[in-house]
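Structure first, then comments.
Note that the coordinates shown come from a computational prediction; the quantities given were computed from them, not determined experimentally.
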Amino acid sequence: MTDLVEPSTLFDRVPCLAGTPRTITPLPGGLTNRNYKVRTPDGCFVARVWTDGDLLAINRDHEHHNSVAAAEAGVGAPVLAYQPAEQVLVLGYLDGRTLGNADVADPAMLPRIAQACRQLHAGPRFAGDFDMFQVQRRYLAVATEHGFEIPDGYAALAPQMRAAQQALAVRAEGTVPCNNDLLAANFIDDGERIWLIDYEYSGNNDPCFELGNIAAECQLPPDGLAELIRHYYGRPLRNKIARAQLLGLAGKYGWTLWGAIQQASSPIQFDFWAWGMERFESAAAGLTSPRFARLLDDVVRDD
């Protein structure tokens, strides 16, 4: 695997990273990649070195294409090199502050995040689609086929997922290019704009999945999601809030299996099971709450 190759040796084979003198600094985060900050006389770069992603349905050609499209939209880092044989994607380094959950929840930050999402969603069409209901079924098939452990009670929530998918289909309004993985660490604030990074799971999707997944991954309170919806659409919309909440629950349910697959297959040292169980427990609480029936009703109604 490429992640076992010494980074300096690997980067000697990537022209834009091969300059000397060169400094290589590992970057934190990344649960399917090794990320490095590389400084050479030619500039400062981020090298994303990936491991196999077949079980997770990661398409690296799509990631490259969509990273270029996000840069064209003005919210993604410039793409400088793509060498799939070496399993390396090279991006321009963004000099800014990586956000945390508390930053995302800041009322002053929400309109800036909404603007960045609108800009991405209005940009060039992405390669490939991302539908969490389809992704979840694929992950379930992978976990079942390989005998990977699945949380107890997972299958019992399938009827709620089917009900959510049916309700969401009533007022579907098409798809837009989405990142689909905007946890707090994938926002970079340079003081002037919010950048959106990491396009492994990108694809054309319902914009409310983007917003609901942000709320779920960044643990926004309900009023925080409502404010994010208001800033994105320009006014409060009850059916869009319900839509984002349902898609956020679908995200947690699907990402649970991502954690189960990673726990069983990833060479990266990380407690993927605990990561997945956190999402499963939150999804189960939402899908079995009395509030769930109200969401199904709100999402099909005119605002």
Worksheet item: Can you hop from L237 to L220 via hydrophobic side chains spaced under 4.5 Å?
Response: yes
Worksheet item: Any side-chain heavy atom of E63 sitting closer than 4.5 Å to one from N59?
Response: no
Worksheet item: What do the steps show when you test V170 against R301 for side chain to side chain contact (heavy atoms under 4.5 Å, CB included), and what is the final call?
Response: CA-CA 9 Å; V170 173; R301 293 182 177 273; over 6 Å; no
Worksheet item: Nearest heavy-atom pair of I261 and L55: which atoms, and what distance?
Response: CG2-CB, 3.9 Å
Worksheet entry | Where G174 and P207 come nearest, the two heavy atoms and their spacing | O-CD, 4.1 Å
Fill in: For C208, the option from I241, V299, L247 that meets side-chain contact (heavy atoms from CB on, under 4.5 Å)
L247
Practice prompt. Kindly say whether the aromatic ring centers of Y36 and F45 come within a distance under 6.0 Å.
Written response: no
Worksheet item: Is a donor on one side and an acceptor on the other found under 3.5 Å between the side chain of D131 and the backbone of F133?
Response: yes
Response to the item:
Correct closest heavy-atom pair for A184 and C218 would be N-SG, 3.4 Å
Worksheet item: Just wondering, more than 12 heavy atoms not from R125 lying within 6.0 Å of its CZ?
Response: yes
Worksheet item: Is the distance between the ring centroids of W255 and F280 under 6.0 Å?
Response: no
Practice prompt. Answer whether the closest heavy-atom distance between the side chains of E6 and L10 falls below 4.5 Å.
Written response: no
Worksheet item: With a distance cut-off below 6.0 Å to the six-membered ring centre and an angular limit of 45° from the axis, does R48 pair with W50 as a cation-pi contact?
Response: no
Worksheet entry | Between CZ on residue R137 and CG on residue L257, distance to nearest 0.5 Å | 12.5 Å
Worksheet, complete the sentence: Scanning both residues in full, the closest heavy-atom pair of C44 with K37 reads SG-CE, 3.4 Å
Worksheet item: Checking D106 side chain against D103 main chain: does a donor-acceptor pair fall under 3.5 Å?
Response: no
Worksheet item: Any idea which heavy atoms bring A260 and E149 closest together, and the distance?
Response: CB-O, 3.4 Å
Practice prompt. List the steps, then state whether side chain to side chain contact (heavy atoms under 4.5 Å, CB included) holds for D302 with R171.
Written response: CA-CA 9 Å; D302 291 332; R171 296 179 62 85; 2.7 Å; yes
Worksheet item: Are L246 and Q165 close enough, and set up right, to give a side chain to side chain contact (heavy atoms under 4.5 Å, CB included), and what steps lead you there?
Response: CA-CA 9 Å; L246 286 172; Q165 185 175 17; over 6 Å; no
Worksheet item: When you check the gap from the basic side-chain N to the acidic O, do E173 and R243 get nearer than 4.0 Å?
Response: no
Response to the item:
In terms of heavy-atom contacts, N101 and Q219 come closest through ND2-CD, 4.0 Å
Item to complete: Check whether any side-chain heavy atom of F187 lies under 4.5 Å from a side-chain heavy atom of W195, and answer yes or no.
Response: no
Discussion item. Out of the candidates V90, V14, V88, D61, only one should pair with Y82 under the side-chain contact (heavy atoms from CB on, under 4.5 Å) rule; please name it.
Written reply: D61
Discussion item. Does anything in residues 16-31 form a side-chain hydrogen bond (donor to acceptor under 3.5 Å, both in side chains)? List the pairs, not counting sequence neighbours.
Written reply: S8-R22, D12-R22
Discussion item. In the structure I gave you, are the side-chain heavy atoms of N186 and L196 within less than 4.5 Å of one another anywhere?
Written reply: no
Discussion item. Would you say that C117 contacts I214 through its side chain, given a criterion of any heavy-atom pair below 4.5 Å between the two side chains?
Written reply: yes
Discussion item. Does either side chain, that of R118 or that of Q115, offer a donor lying less than 3.5 Å from an acceptor on the other one?
Written reply: yes
Practice prompt. Please name the residue in the list D129, N180, N179 that meets the side chain to side chain donor-acceptor pair (under 3.5 Å) test with N205.
Written response: N180
Discussion item. Has Q263 got a side-chain atom pairing as donor or acceptor with W273's backbone, closer than 3.5 angstrom?
Written reply: yes
Worksheet entry | Spacing of Q83 atom CD and C16 atom SG [to the nearest 0.5 Å] | 7.5 Å
Item to complete: Give a yes or no on whether L249 and I229 share a hydrophobic cluster (residues Ile, Leu, Val, Met, Phe, Trp, Tyr; joining criterion: side-chain heavy atoms under 4.5 Å apart).
Response: no
Discussion item. Would you compute the distance between atom CD of Q160 and atom OH of Y253 and round it to the nearest 0.5 angstrom?
Written reply: 8.0 Å
Worksheet item: Counting only N and O atoms by type, is there a donor-acceptor contact under 3.5 Å from the side chain of N66 to the main-chain atoms of H62?
Response: yes
Worksheet, complete the sentence: When rounded to the nearest 0.5 Å, the distance separating CG of L296 from CZ of R294 is 11.5 Å
Worksheet item: Given the rule that I, L, V, M, F, W and Y join up when any side-chain heavy atoms are under 4.5 Å apart, are L99 and V75 in one cluster?
Response: yes
Worksheet item: Would you say the side-chain atoms of R193 pair up with the backbone N or O of D189, donor to acceptor, closer than 3.5 Å?
Response: no
Worksheet item: Hey, mind stepping through L27 and V46 against side chain to side chain contact (heavy atoms under 4.5 Å, CB included) and telling me if it holds?
Response: CA-CA 9 Å; L27 293 172; V46 171; 4.1 Å; yes
Worksheet item: Is it the case that one hydrophobic cluster holds both F209 and L183, taking links as side-chain heavy atoms less than 4.5 Å apart, direct or via other members?
Response: no
Fill in: Spatial distance of atom NE2 (H231) from atom CD1 (I113) [nearest 0.5 Å]
10.0 Å
Discussion item. Can you confirm whether P21 sits close enough to P41 that some side-chain heavy atom of one is under 4.5 Å from a side-chain heavy atom of the other?
Written reply: yes
Worksheet entry | Distance in Å, N239 CG paired with Y233 OH, rounded so as to fall on 0.5 Å steps | 8.5 Å
Name every donor-acceptor pair, under 3.5 Å, that has one atom in a side chain of residues 281-289 and the other anywhere in the protein, sequence neighbours excluded.
from: S282; atom 1: OG; to: K252; atom 2: NZ; distance (Å): 2.5
from: T288; atom 1: OG1; to: A284; atom 2: O; distance (Å): 2.6
from: S289; atom 1: OG; to: R291; atom 2: N; distance (Å): 3.0

Worksheet item: With ring centroids as reference points, do Y232 and H121 lie under 6.0 angstrom apart?
Response: yes
Worksheet item: Would you say the side-chain atoms of Q245 and D298 include a donor-acceptor pair closer than 3.5 Å?
Response: no
Worksheet item: Do R13 and T9 have side chains that get closer than 4.5 Å, going by heavy atoms?
Response: yes
Discussion item. I'd like to check T175 versus F130 (side-chain heavy atoms, cut-off strictly below 4.5 Å). Are they in contact?
Written reply: no
Discussion item. Please say yes or no: joined through hydrophobic side-chain contacts below 4.5 Å, possibly via intermediate residues, are L56 and L140 part of one cluster?
Written reply: yes
